[in-house]
Amino acid sequence: QVQLVESGGGLVQAGGSLRLSCTASGRTFSNYAMGWFRQAPGKEREFVAVISYVNDGTIYYADPVKGRFTISRDNAKNTLYLQMNNLKPEDTAIYYCAAGSSSGAVVAGSPSSWGQGTQVTVSS
């Protein structure tokens with residue numbers, strides 16, 4: 001029911017910044033938690049960050065991105081963001097947007113919807 005589309009990926013040098021966006025539509029339950037996952041070459045998809053329904057709601061980050069990435073959302077625009085600063089080559093991955101009934105469900109890898117992904121490449 002929820003359709004998610006990511007954008008904003010690209011190529012950046014180590015230490016640079018990118019902001020990813022995810023727009024949501026077609027959902028019957030608007031109060032979903034939303035988050036970001038990523039899948040690096042040769043690796044499984046991993047959790048990055050999650051935010052609850054309200055703009056200043058509960059937020060959790062995976063340890064590798066703490067202090068560098070910031071997740072936020074604009075419910076009026078049905079849009080989720082991921083501001084990525086001080087990027088490292090290890091951050092290179094396809095980044096996926098996700099939506100779920102709770103932050104816990106998203107963190108656990110059980111969202112109700114996934115986006116198609118956007119590529120982030122960080123050069124050294």
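Along the sequence shown, the residues carry numbers beginning at 1.
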Worksheet item: If you take all heavy atoms of Y53 and N75, which pair is closest and at what distance?
Response: O-ND2, 2.7 Å
Fill in: Heavy-atom closest contact (A93 atom, Q119 atom, distance)
O-NE2, 3.4 Å
So [Y] and [X], do their side chains get closer than 4.5 Å, heavy atoms only?
X    : Y   : result
C97  : M34 : yes
W114 : L4  : no
Q3   : V5  : no
Y32  : V2  : yes
L80  : I71 : yes
P89  : Q13 : no
S17  : Q83 : yes
I51  : Y60 : no

Can you tell me how far the [atom1] atom of [X] sits from the [atom2] atom of [Y], to the nearest 0.5 Å?
X   : Y   : atom1 : atom2 : answer
L11 : L87 : CG    : CG    : 11.0 Å
R38 : E44 : CZ    : CD    : 14.5 Å
R73 : C22 : CZ    : SG    : 10.0 Å

Could you state whether [X] and [Y] fall into the same hydrophobic cluster, counting links through intermediate Ile, Leu, Val, Met, Phe, Trp or Tyr residues with side-chain heavy atoms under 4.5 angstrom apart?
X    : Y   : value
V107 : I59 : no
V65  : L20 : yes
L18  : W36 : yes
V106 : F69 : no

Practice prompt. Please check if any side-chain donor atom of D74 sits under 3.5 Å from a side-chain acceptor atom of T79, or the reverse.
Written response: no
[X] (side chain) donor-acceptor with [Y] (main chain) under 3.5 angstrom:
X    : Y    : answer
E6   : G117 : yes
S21  : Y81  : no
T118 : G9   : yes
T92  : V122 : yes
R68  : N86  : yes

Worksheet entry | CA sep, side-chain torsions, deciding dist, call: Y95, L82, side-chain contact (heavy atoms from CB on, under 4.5 Å) | CA-CA 10 Å; Y95 283 71; L82 184 68; 4.1 Å; yes
Worksheet entry | Proximity of F37 and Y96 rings by center, below 6.0 Å | no
Worksheet item: For V50, which of P111, S102, S103 qualifies under side-chain contact (heavy atoms from CB on, under 4.5 Å)?
Response: S103
Item to complete: Look at D63 together with K66 and state whether they make a salt bridge at an N to O cut-off of under 4.0 Å.
Response: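 A salt bridge links D63 with K66.
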